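Values in this document were obtained by computation on a predicted structure and should not be read as measured data. Every chain is numbered from 1, with letters handed out A, B, ... down the list of sequences.
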There are 2 protein chains.
Amino acid sequence: MPKKRPSPKRRSGCPLNASVEILGDRWSLLIIRDMMLRGFRSYKEFLESYERIATNILADRLRKLEAHGIITTERNPSDGRKLIYSLTAKGIDLAPVLTEMVLWAAGHEDTANQELVRLIQKDKEQFLAAVRQRWAEQRIRSMANY
Amino acid sequence: MPKKRPSPKRRSGCPLNASVEILGDRWSLLIIRDMMLRGFRSYKEFLESYERIATNILADRLRKLEAHGIITTERNPSDGRKLIYSLTAKGIDLAPVLTEMVLWAAGHEDTANQELVRLIQKDKEQFLAAVRQRWAEQRIRSMANY
DNA sequence: TATTTTCACTTGCATTTCACAAGTTAGATA
DNA sequence: TATCTAACTTGTGAAATGCAAGTGAAAATA
């Protein structure tokens with residue numbers, strides 16, 4: 001059941017505007033990419049990702065993503081220092097957005113990671129299904145830790 | 001022929017990162033929405049759009065979008081004050097990105113404009129084809145002005 | 001022709017956000 | 001007990017943003 005939170009003080013009711021207000025910055029989607037495509041789940045992994053996000057920005061973005069219901073945070077039961085960040089259903093539903101952004105840049109800009117691009121181009125729906133499947137499996141494995 | 005410009009000082013070669021560096025702010029995609037979906041073509045129209053962009057920000061974003069080859073600027077031959085902003089092929093290729101962002105927000109946030117959302121949901125490919133068609137027609141009409 | 005309007009901006013300034021470096025705290029490890 | 005690690009927070013300067021007012025060229029109007 002997708003809960004739709006009322007929008008507090010949005011600039012407009014346009015759905016694109018909502019997306020832009022939530023995701024329209026230089027870091028949020030990269031964090032989501034790291035979780036969705038690379039399986040990153042810890043603060044340290046995000047920090048060490050290639051684009052080098054600053055630690056205060058990372059903390060801020062994780063807070064905001066959680067506030068928006070895109071990720072969840074839980075403590076690792078076997079090591080109380082570690083936090084595990086996971087994508088919610090709302091978060092994994094961003095897969096088509098990321099996918100189209102990858103395809104657009106790959107088609108119009110000089111970019112790397114052509115294996116990923118070709119994989120998406122070959123069969124977009126299958127790629128999205130695989131992403132969702134991995135997410136679902138990781139979820140089950142997480143629950144098994146308790 | 002899609003020219004791929006070399007990326008000057010990108011944070012990484014990841015295609016998603018390229019998209020985020022070009023489009024990842026609170027206004028660029030709204031300007032593109034106004035051009036793509038509402039047919040806006042002048043500075044004044046963008047300024048008066050519902051979200052109320054500041055004039056200096058608008059000028060800056062139009063400059064950057066043009067520098068990235070997403071829009072073009074031409075002077076209206078019948079009124080030398082007016083400039084006409086148009087989406088390039090690279091710009092109209094953002095339609096799938098906008099579409100997925102609209103669907104995501106519509107599914108998870110409290111948003112308006114449900115007619116548009118339902119139109120997209122009914123047949124996404126047909127919606128995209130219609131957007132492209134309108135763009136192509138507008139292009140031809142523009143050329144006819146000369 | 002002179003004056004006013006329109007259009008697409010620019011400029012100045014206060015506020016907010018960002019980037020970088022350093023420091024902090026709770027919990028694990030030796 | 002001391003050290004280490006993970007996940008932050010804090011401080012500071014730089015850059016981006018938001019708001020109001022002003023500018024200049026071209027067009028419309030008197």
Side-chain angles (χ1 to χ4, degrees), chain A residues 8-12 17 20-31 34-35 38-68 71-86 142 145, chain B residues 8-12 17 20-32 34-35 38-68 71-87 142 145:
Chain A
K9 47 186 184 283
R10 281 271 153 76
R11 295 180 299 192
S12 82
N17 177 64
V20 162
E21 287 197 27
I22 295 169
L23 305 165
D25 71 86
R26 316 180 77 61
W27 293 109
S28 297
L29 286 171
L30 295 186
I31 297 169
D34 283 346
M35 300 179 82
R38 316 223 247 243
F40 289 6
R41 313 197 70 179
S42 71
Y43 194 91
K44 196 167 177 253
E45 285 175 303
F46 300 133
L47 256 194
E48 290 170 354
S49 195
Y50 192 81
E51 290 90 358
R52 309 262 102 201
I53 188 172
T55 174
N56 55 341
I57 307 292
L58 175 57
D60 178 72
R61 290 309 121 87
L62 289 171
R63 243 188 319 263
K64 284 177 178 164
L65 288 173
E66 186 175 25
H68 281 114
I71 66 171
T72 56
T73 310
E74 28 174 353
R75 204 159 282 275
N76 183 331
S78 62
D79 185 341
R81 292 169 305 178
K82 292 183 182 165
L83 294 180
I84 304 167
Y85 297 97
S86 313
S142 279
N145 287 340
Chain B
K9 48 188 185 284
R10 282 271 152 75
R11 295 180 299 193
S12 81
N17 178 63
V20 162
E21 288 197 27
I22 295 169
L23 306 166
D25 71 86
R26 315 177 76 61
W27 294 107
S28 296
L29 287 172
L30 295 186
I31 296 170
I32 293 165
D34 283 346
M35 299 180 82
R38 316 223 246 243
F40 288 7
R41 311 197 72 179
S42 71
Y43 194 91
K44 194 166 178 256
E45 284 175 304
F46 300 134
L47 255 195
E48 290 171 354
S49 194
Y50 193 80
E51 290 89 359
R52 309 262 102 200
I53 188 170
T55 173
N56 56 340
I57 307 291
L58 175 58
D60 178 73
R61 289 310 118 88
L62 289 171
R63 242 187 320 263
K64 283 176 178 164
L65 288 173
E66 185 175 25
H68 281 115
I71 67 172
T72 57
T73 310
E74 30 174 352
R75 203 160 283 275
N76 184 331
S78 63
D79 185 339
R81 292 169 304 178
K82 292 183 184 164
L83 293 181
I84 304 167
Y85 298 97
S86 314
L87 287 172
S142 279
N145 287 339

Exercise. Taking the side chain from A:Asp34 and the backbone from A:Phe40, do they hold a donor-acceptor pair closer than 3.5 Å?
Worked result: no

For this session: Would you mind reading off the distance between A:Leu83 atom CG and D:dT5 atom P, rounded to a whole angstrom?
Result: 18 Å

Seminar exercise, completed: Taken to the nearest 0.5 Å, the spacing of A:Leu58 CG from A:Phe46 CZ works out to 7.0 Å

Name the pairs: protein N/O against N/O of nucleotides 17-20 of chain D, kept only if under 3.5 Å.
| residue | atom | partner | partner atom | Å |
| --- | --- | --- | --- | --- |
| D:dT17 | OP2 | B:Arg61 | NH2 | 2.4 |
| D:dG18 | OP2 | B:Trp27 | NE1 | 3.0 |
| D:dG18 | N7 | B:Asn56 | ND2 | 3.4 |
| D:dC19 | N4 | B:Asn56 | OD1 | 3.4 |
| D:dC19 | N4 | B:Asn56 | ND2 | 2.7 |

For this session: Would you write the dot-bracket representation of DNA chain C, where each base gets (, ), [, ], | or . depending on whether it forms a Watson-Crick or G-U pair under 3.5 Å and with which partner?
Result: ||||||||||||||||||||||||||||||

Problem set entry | side chain to side chain contact (heavy atoms under 4.5 Å, CB included) partners of A:Asn56, counting only residues at least two apart | A:Ala54

Exercise. What distance do A:Arg26 atom CZ and B:Leu23 atom CG have between them, rounded to the nearest 0.5 Å?
Worked result: 10.0 Å

Exercise. Can you check whether B:Arg63 has a side-chain N or O nearer than 4.0 Å to OP1 or OP2 of C:dA8?
Worked result: no

Problem set entry | side chain to side chain contact (heavy atoms under 4.5 Å, CB included) against A:Arg81, all qualifying residues, sequence neighbours excluded | A:Asp79

Seminar exercise, completed: Heavy-atom contacts, protein to nucleotides 25-30 of chain D, under 4.0 Å, summarised as B (base), S (sugar-phosphate only) or - (none) per nt, yield -BS---

Exercise. Which ones in residues 39-47 of chain B lie close to DNA chain C, meaning a heavy atom under 4.0 Å from one of its atoms?
Worked result: B:Ser42, B:Tyr43, B:Lys44

Exercise. Measuring from B:Trp27:CH2 to B:Ile57:CD1, what's the distance to the nearest 0.5 Å?
Worked result: 8.5 Å

Exercise. Between B:Lys82 (NZ) and C:dT5 (C1'), how many Å, whole number?
Worked result: 12 Å

For this session: Kindly write out the residues that satisfy side chain to side chain donor-acceptor pair (under 3.5 Å) with A:Arg63, not counting sequence neighbours, or none if the list is empty.
Result: none

Problem set entry | Non-neighbouring partners of B:Lys64 that pass side chain to side chain donor-acceptor pair (under 3.5 Å), sequence neighbours left out | B:Asp60

For this session: Provide, to the nearest angstrom, the distance between the CG atom belonging to A:Leu62 and the P atom belonging to D:dA7.
Result: 10 Å

Exercise. Whole Å only: how far is the CD atom of A:Glu48 from the C1' atom of D:dA7?
Worked result: 12 Å

Problem set entry | Nearest-0.5 Å distance, CG of residue B:Leu30 to OG of residue A:Ser12 | 7.0 Å

Problem set entry | For B:Thr72, all residues meeting side chain to side chain donor-acceptor pair (under 3.5 Å), sequence neighbours excluded | none

Exercise. Got a sec, which residues hit salt bridge (charged side-chain N to carboxylate O under 4.0 Å, His left out) with B:Glu45, two or more places apart in sequence or on another chain?
Worked result: none

For this session: Return the set of residues passing side chain to side chain contact (heavy atoms under 4.5 Å, CB included) with B:Ser28 (not counting sequence neighbours), or none when no residue passes.
Result: B:Asp25, B:Arg61, B:Leu65

Seminar exercise, completed: A:Leu83 meets the side chain to side chain contact (heavy atoms under 4.5 Å, CB included) criterion, sequence neighbours left out, with A:Thr73, A:Arg75, A:Tyr85

